Q: 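Just dropping this structure here.
A, B, ... follow the sequence lines: proteins, then strands. Residue 1 opens every chain. Being a predicted model, the structure only gives us computed values, none of them experimental.
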Amino acid sequence: MARSIQSLERAAAVLRLLAGGERRLGLSEIASALDLAKGTAHGLLRTLQQEGFVEQEPVSGRYQLGAELLRLGNSYLDVHELRARALPWTDDLARSSGEAVFLGVLHQQGVLIVHHVFRPDDSRQVLEIGAMRPLHSTALGKVLSAYDPVAHSEALDAGMEQLTSRTLTDAAEFEKELDLTRARGWAGDVEETWDGVASIAAPIHDRRRMPVGAVALTGAVERVCSDAGNAELRADLVAAVRDCARAVARDLGADRF
Amino acid sequence: MTDAHTAGPFIAAIDQGTTSSRCIVFDKDGRIVAVDQKEHEQIFPKPGWVEHDAKEIWTNVQEVVDGAVSKAGITSADVKAIGITNQRETTLLWDKNTGEPVHNAIVWQDTRTAELCRELGRNVGQDRFRRETGLPLASYFAGPKIRWLLDNVDGLRERAEAGDILFGTMDSWVIWNLTGGVNGGVHVTDVTNASRTLLMNLHTMAWDDKILSSMDVPAAVLPEIRSSAEVYGEAASGALQGVPVASALGDQQAALFGQTCYAEGEAKSTYGTGTFLLMNTGDEPVNSYNGLLTTVGYQIGDNKPVYALEGAIAVTGSLVQWMRDQMGLISTAAEIETLALSVEDNGGAYFVPAFSGLFAPYWRDDARGVIAGLTRYVTKAHLARAVLEATAWQTREIVDAMTKDSGVELTALKVDGGMTSNNLLMQNLSDFLDAPVVRPLVAETTCLGAAYAAGLAVGFWPDTDALRANWRRAAEWTPQMDDDTRKREYKSWLKAVERTMGWIEEDSKE
């Protein structure tokens, strides 16, 4: 059996103590209950406090469980909340870019479309909310796989089906693509999912840098690429998508807790 | 925003709303360039009374105009016109020599004139002035609020009859101050705001002398009634000094205009705390026999006025808030959709939120809320479905009333407001109406409507066709429910509505 780390064991004991019985305890009570030197207990509490797992009441100086601990067990962001927050920003992105905008989250082995703004050109379009998209070929899927380890393993488990001649089907190439995505902060899809269609996506992070979803702009390859032959996505559109993702993230961070 | 905005010129819209005042600067494509907003105090002197400090409001309006212009990084030279939209029916009287309000503004929600309205109905009742005004005698409209102020502020009636007092809804107050106040401010209102006073004759677009004398309101206090889109005057000070003030529209009419509902039969519905549905009925006022209001939609300059039918639903977004705050079944309003989607259907439950009686098309103040069809099978998720369906069915009932009154079938419903982010609700709406539901790309349809009207008045846009060309579809929901299901569900809903009525007995009424 692997040797356990003593300070982690002690920290766990502190949390258990604060979770049971008395809700708030002073330093000496904690130290004596766990049979620790006051200095050791204080060090543990200070670290736990920095992580947000423990809070100190300013007046009495007593300790209690912190909000971060509750968030751990309940950190899931409601996708409908995400849509409501993202709506003005995605509208704005559609209007300024002239292209359709999507919001996607990881769902089972794919990307679930949770919001869709039509391309603002008055053509007939069908709302795609509720549709599933592949993780390995779409810009949304690549962003989620690059930043969310669960999405990453789902993408590999799902298999990498060849959808067009440009679809990446080799796992090593896919990893390189994800490295690139992480390095530059966005992902592209130039005719990898549908012929003639290109897309740019950026991650929406919450306060703890967890990707809660991704925003993408999708349009005809001739409009979204500066040079369709080279698969070169337009820099101004990339910037617009990233700005949109950051604006939504700011909105999420500002109001949560 | 990443792309460079067009380099002007621009139109500024002022929205003097119930909770805040806002100014939005729009470019020629109808895109938002800058926004500034400031809330004002809600004053509740007694239960049922709601007031605003009109001086605070005017200060806020000046600040948000300066704020929006400065955020946009433009000058008055770049702005071609100012448009005004406002909370409707909120009533103010002020001294024209000093510019001082004689009392706080009485807000549309204020019910202090309920008893007065019953008295004014005499032996005829609520509909005494309906033929002339299109409205029932109800406490929200401005006329009875003027009368209350004249009766209750010391010495006011004498000053009013001597010609020292001016009346206005918030459009008049903002325009009078904006165009100079005591130094030559113009005292005007537009046809849409005037149509909410119970004092204007819908057929002549003039103050109705008979009603004025029945209500005992001296004509001397009244503003001149003008069209919704013409130059009333110029801003006398502030960041937009010298810019023409060129439109005024009540907020719901402004949303109708901003949604470009310019053809007969086009309708918009704004989903907020409550919901307001307006349908363009063309250049004839349509009398309602189904509990709707007949009102003016808009009038552009010398053109004929365009009329509208209006239906209000008291409780829509507020029902979701009630599920969150009173029931604690959800922690955010958006979660209602998550909860509702965890089941396939309503499980047989129907929720009629007649919290303060039933509005259009029933108008029953003896009704109270009901959850019908409960069995042990029903969970909170089914109730979440029933909550969303309640908003959709209430919309259907208003649309049905509009079709009956106007003879015009609804072709599509244009929606705006906060609840349009609820995808399930929008799908329910389309399913229950059996018509497409369309959300435009710009959510700020109220301000946009005021900007459009002002822009038309100064030739910034040539005609309503140019405005239509600016309108962009952001999403469209189409019906997916089969006819039999729709009929069966509607029948159950109507049965549930039936069960709300007569709950409050005559002798227990307050």
Q: In the structure I gave you, are the side-chain heavy atoms of A:Leu127 and B:Asn423 within less than 4.5 Å of one another anywhere?
A: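 Yes, at least one pair of side-chain atoms sits under 4.5 Å.
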Q: Counting only heavy atoms not in A:Trp89 (residues, nucleotides, ligands), do more than 12 fall under 6.0 Å from its CH2?
A: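 No, CH2 of A:Trp89 has 12 or fewer neighbouring heavy atoms, counting only those of other groups under 6.0 Å.
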Q: Calculate, to the nearest 0.5 Å, the distance between atoms CD and OG belonging to A:Glu81 and B:Ser331 respectively.
A: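 Those atoms lie 7.5 Å apart.
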Q: Given side chains that start at C-beta, do those of B:Arg439 and A:Leu87 come closer than 4.5 Å, heavy atoms only?
A: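 Yes, at least one pair of side-chain atoms sits under 4.5 Å.
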Q: Quick one: of B:Glu337, B:Arg473, B:Arg472, who has the most non-hydrogen atom pairs under 4.5 Å with chain A?
A: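 Among the listed options, the one with the most contacts to chain A is B:Glu337.
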Q: Tell me if the CD atom of A:Gln50 is crowded by more than 12 foreign heavy atoms within 6.0 Å.
A: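 Atom CD in A:Gln50 is crowded, with more than 12 foreign heavy atoms closer than 6.0 Å.
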Q: As an exercise, state the distance from CG of A:Asp122 to CZ of B:Arg468, rounded to the nearest 0.5 Å.
A: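 That separation rounds to 11.0 Å.
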Q: Mind checking the CG-CD spacing from A:Asp91 to B:Glu444? Nearest 0.5 Å is all I need.
A: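 Going from the CG atom of A:Asp91 to the CD atom of B:Glu444 covers 10.5 Å.
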Q: Measuring heavy-atom distances to chain A, does B:Leu424 have an atom under 4.5 Å in its side chain, in its backbone, in both, or in neither?
A: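 Contact with chain A: none, neither part.
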Q: What residue in A:His115, A:His116, A:Arg124 has the most heavy-atom pairs under 4.5 Å with chain B?
A: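 Of A:His115, A:His116, A:Arg124, A:Arg124 has the most heavy-atom pairs under 4.5 Å with chain B.
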Q: From A:Arg119 CZ over to B:Leu441 CG, what is the distance, rounded to the nearest 0.5 angstrom?
A: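 A:Arg119 atom CZ to B:Leu441 atom CG measures 13.0 Å (nearest 0.5 Å).
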Q: Decide yes or no for A:His80 and B:Glu335: does some side-chain heavy atom of the first lie under 4.5 Å from some side-chain heavy atom of the second?
A: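 No. Closest side-chain heavy atoms not under 4.5 Å.
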